[in-house]
Amino acid sequence: MTELTQDQIWMRRAIELARQGQYSTKPNPNVGCVIVKDGVVVGEGFHPKAGQPHAEVFAMRQAGEQARGATAYVTLEPCAHYGRTPPCAKGLVEAGLAKVMVACPDPNPLVAGKGVQILKDAGIEVKVGICEDEAHPLNYGFLKAMATGMPYVRVKIASSLDGRTAMASGESKWITGIEARQDVQHWRAISGGVITGIETVLADDCQLNVRSLNGIDDISRIVQPKRIILDRQGRLPLTAKILEQPETMMVMGPYRQELADLGVIQLEIQPLKELLQYLVQQHQIYDVLVEAGATLSTVFLQAGLVDELISYVAPTLLGQTARSMFNAEFSRMAEQLRFKLQDVTRLGDDVRFRLIPSQETL
């Protein structure tokens with residue numbers, strides 16, 4: 001095993017700090033910063049919430065005069081523009097940093113190398129790419145959206161060993177155990193939006209919000225995801241539990257005055273790709289979680305809109321009349337959708353597979 005360099009050790013600490021904001025910074029990225037002088041940490045911080053100071057600011061405040069001549073480790077390229085807060089790159093220059101180590105470059109057109117250039121122009125030594133592979137997952141959605149205009153899309157499916165997601169009647173509570181269901185709360189909490197279909201809402205009367213998180217006592221700190229229902233025929237009942245928080249609701253379907261009166265955002269019916277682009281451009285939703293039945297999940301997968309498949313498999317058999325997790329019909333092996341396994345995690349008696357689409361064929 002290769003021994004870590006000092007730069008990697010300090011950057012890993014910055015990554016650890018950045019994770020502390022993973023549930024509360026939306027739509028801003030998760031960022032951590034560590035300032036080191038003579039081998040000792042003199043300041044550190046993370047970005048806690050949009051509108052509040054960035055990670056570098058907290059670290060510089062803690063470091064004070066000790067920041068002069070020190071080295072900063074930042075998980076994302078320091079911003080170069082005025083938004084709700086001043087540009088961090090200029091703040092690092094004014095604080096007198098000697099070196100700035102960056103994990104990930106920022107593809108945001110407002111930054112995109114400008115932050116690094118400000119530092120270099122001031123005579124600060126800059127190195128980019130330290131622990132980049134480890135820092136990148138902190139901001140999959142933000143980085144993809146800034147580079148492509150599309151969000152990072154995860155599809156979540158819970159199934160039996162025989163690939164079934166519900167009984168023929170639609171009954172599905174519960175296939176997986178409590179540990180797996182608790183794990184789903186994490187994926188919702190890091191998502192800007194959760195997409196589902198009207199059939200899922202009618203069958204389960206689901207809420208699709210974040211109700212509990214491991215290690216988080218005060219759930220009000222969490223930025224709740226928008227819940228987006230695809231309801232082309234306008235069948236969403238006003239008594240649905242999901243409407244109990246109308247301020248986080250979006251419905252794609254025919255205009256309904258009663259939904260408007262509740263404050264629900266209504267979207268025109270459009271192709272899924274355009275919907276995803278709209279969510280990025282108009283609502284700064286960079287991470288999307290699809291929690292839906294086989295039909296909608298299959299549409300996302302076949303359209304090539306999925307970045308990651310999260311599959312929970314329970315040690316149970318539901319039988320051939322139960323509903324399938326995937327309902328496309330293929331006649332040739334060449335049509336199959338293949339995936340690369342990212343990791344496997346045991347959750348109680350269930351197993352979670354994280355997979356990414358693969359272009360490879362056998």
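For the single chain, residues carry numbers from 1 onward in sequence order.
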(request) Given side-chain hydrogen bond (donor to acceptor under 3.5 Å, both in side chains), test T165 with R323 step by step and report yes or no. (result) CA-CA 6 Å; T165 60; R323 298 184 181 185; over 6 Å; no
(message) Test side chain to side chain contact (heavy atoms under 4.5 Å, CB included) on L76 and F142; report intermediate values, then the result.
(response) CA-CA 11 Å; L76 185 68; F142 176 83; 4.1 Å; yes
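- Contact record, Q8 with L4: OE1-CA, 3.3 Å, taken as the closest heavy-atom pair.
- Proximity of F326 to I157: side-chain heavy atoms (C-beta onward) are nowhere separated by under 4.5 Å.
- Between E199 and R235, at least one side-chain nitrogen of the basic residue sits less than 4.0 Å from a carboxylate oxygen of the acidic one, meeting the salt-bridge criterion.
- Residues L355 and Q342 have side chains not in contact (no heavy-atom distance under 4.5 Å, counting atoms from C-beta outward).
- K340 contributes atom NZ, which lies 15.5 Å from atom CG of L309 (distance to the nearest 0.5 angstrom).
- Between Y23 and A189 the shortest heavy-atom distance is CD2-CB, 3.3 Å.
- In summary, the side chains of D350 and T176 do not present any donor paired with an acceptor at a separation below 3.5 Å, with no hydrogens or angles considered.
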(message) Before you tell me yes or no, could you show the steps for V184 and R181 under side chain to side chain contact (heavy atoms under 4.5 Å, CB included), namely the whole-Å CA-CA distance, both residues' side-chain angles and the distance that decides it to 0.1 Å?
(response) CA-CA 5 Å; V184 173; R181 299 200 300 274; 5.5 Å; no
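- With hydrophobic clusters built from ILVMFWY side chains whose heavy atoms lie under 4.5 angstrom apart, L279 shares a cluster with V155.
- Dense packing is recorded around CG of D261, with more than 12 heavy atoms of other residues, nucleotides or ligands lying under 6.0 Å away.
- I356 is not listed as a side-chain neighbour of F339, based on a closest heavy-atom distance of 4.5 Å or more.
- V93 is connected to L97 through a chain of hydrophobic side-chain contacts under 4.5 Å among Ile, Leu, Val, Met, Phe, Trp and Tyr, so both are in one cluster.
- Atom CZ in R154 sits 12.0 Å away from atom CD in E291 (nearest 0.5 Å).
- Using modelled atom types, one side-chain atom of R164 and one backbone atom of A322 make a donor-acceptor pair closer than 3.5 Å.
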(request) Just do the side-chain hydrogen bond (donor to acceptor under 3.5 Å, both in side chains) check on T295 and N327 with the steps written out, would you? (result) CA-CA 6 Å; T295 299; N327 63 10; 3.0 Å; yes
(request) Tell me, with the steps shown, if K241 and E244 meet salt bridge (Lys or Arg N to Asp or Glu O under 4.0 Å). (result) CA-CA 5 Å; K241 288 181 181 177; E244 291 175 2; over 6 Å; no
(message) Determine whether T5 and D7 satisfy the following criterion, side-chain hydrogen bond (donor to acceptor under 3.5 Å, both in side chains), listing intermediate values before the conclusion.
(response) CA-CA 5 Å; T5 66; D7 286 343; 5.2 Å; no
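- Side-chain atoms of D162 come within 3.5 Å of backbone N or O of G319 as a donor-acceptor pair.
- Annotation for G32 and A18: closest pair N-CB, 3.4 Å, computed over non-hydrogen atoms.
- Within 6.0 Å of the CD1 atom in I178, the count of heavy atoms belonging to other residues, nucleotides or ligands does not exceed 12.
- With a 4.5 Å cut-off on side-chain heavy atoms, I35 and T71 do not count as touching.
- The number of heavy-atom neighbours closer than 6.0 Å to CD of Q245, taken from other residues, nucleotides and ligands shown, is above 12.
- Between the side chains of R221 and S24, no donor N or O sits under 3.5 Å from an acceptor N or O.
- Under the 4.5 Å side-chain heavy-atom criterion for grouping Ile, Leu, Val, Met, Phe, Trp and Tyr, V194 is not connected to V153 through any hydrophobic cluster.
- In the hydrophobic cluster analysis, where Ile, Leu, Val, Met, Phe, Trp and Tyr join through side-chain heavy atoms closer than 4.5 angstrom, L236 is grouped apart from Y255.
- When every heavy atom of A240 is checked against every heavy atom of V201, the shortest pair comes out as CB-CG1, 4.4 Å.
- Each of L272, I229, L276, I285 was scored for a side-chain contact (heavy atoms from CB on, under 4.5 Å) with I195, with one residue passing: L276.
- At a threshold of 4.5 Å between non-hydrogen side-chain atoms, the residues F46 and N30 do not count as touching.
- With sequence neighbours left out, Y140 forms a ring-ring contact (aromatic ring centres under 6.0 Å, His included) with H136, Y152.
- Every ring-ring contact (aromatic ring centres under 6.0 Å, His included) that Y278 has, sequence neighbours left out, goes to H283.
- Counting non-hydrogen atoms of neighbouring residues, nucleotides and ligands closer than 6.0 angstrom, the NZ atom of K37 exceeds 12 such neighbours.
- No donor-acceptor pair closer than 3.5 Å links the side chain of T200 to the backbone N or O of T196.
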(message) With side chain to side chain contact (heavy atoms under 4.5 Å, CB included) as the criterion, how do L305 and K273 come out once you've worked through the C-alpha distance, each side chain's angles and the decisive distance to 0.1 Å?
(response) CA-CA 7 Å; L305 297 173; K273 184 175 181 179; 4.2 Å; yes
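- One finds the CG atom of L208 at 14.5 Å from the NZ atom of K226 (value rounded to the nearest 0.5 Å).
- The line from CD1 of I265 to CG of L259 is 12.0 Å long, rounded to the nearest 0.5 Å.
- More than 12 heavy atoms of other residues, nucleotides or ligands shown are found within 6.0 angstrom of CG on D343.
- Taking 4.5 Å as the limit, some side-chain heavy atom of Y312 sits within range of a side-chain heavy atom of L347.
- For the residue pair E132 and P105, the shortest heavy atom distance occurs at OE2-CD, 3.7 Å.
- A continuous path of hydrophobic side-chain contacts links L341 to M325 [ILVMFWY only; heavy atoms under 4.5 Å].
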(request) Test D287 against K26 for salt bridge (Lys or Arg N to Asp or Glu O under 4.0 Å), laying out the working first. (result) CA-CA 9 Å; D287 288 87; K26 295 189 294 283; over 6 Å; no
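- For the pair Q66 (side chain) and V42 (backbone), a donor-acceptor distance under 3.5 Å is absent.
- Dense packing is recorded around CD of E274, with more than 12 heavy atoms of other residues, nucleotides or ligands lying under 6.0 Å away.
- Rounding to the nearest 0.5 Å gives a distance of 13.0 Å between CZ of R188 and NE2 of H186.
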(message) With ring pair (Phe, Tyr, Trp, His ring centres under 6.0 Å) as the criterion, how do F58 and H47 come out once you've worked through the C-alpha distance, each side chain's angles and the decisive distance to 0.1 Å?
(response) CA-CA 8 Å; F58 284 110; H47 180 47; 8.1 Å; no
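- Annotation: side chain of M146 is in contact with side chain of Y286 (closest heavy-atom distance under 4.5 Å).
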Contacts table for residues 113-130: side-chain donor-acceptor under 3.5 angstrom, sequence neighbours left out:
unit_1 : atom_1 : unit_2 : atom_2 : d
K114   : NZ     : P109   : O      : 3.2
Q117   : NE2    : D121   : OD1    : 2.8

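- Using a 4.5 Å heavy-atom cutoff, the side chains of V223 and T25 are not in contact.
- Closest non-hydrogen pair, D307 versus P357, comes out as O-CD, 3.4 Å.
- Interatomic distance, M249 CE to I228 CD1, rounded to the nearest 0.5 Å: 8.5 Å.
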(message) I310 vs R352, test: side chain to side chain contact (heavy atoms under 4.5 Å, CB included). Steps then yes/no.
(response) CA-CA 7 Å; I310 302 174; R352 184 194 70 198; 3.9 Å; yes
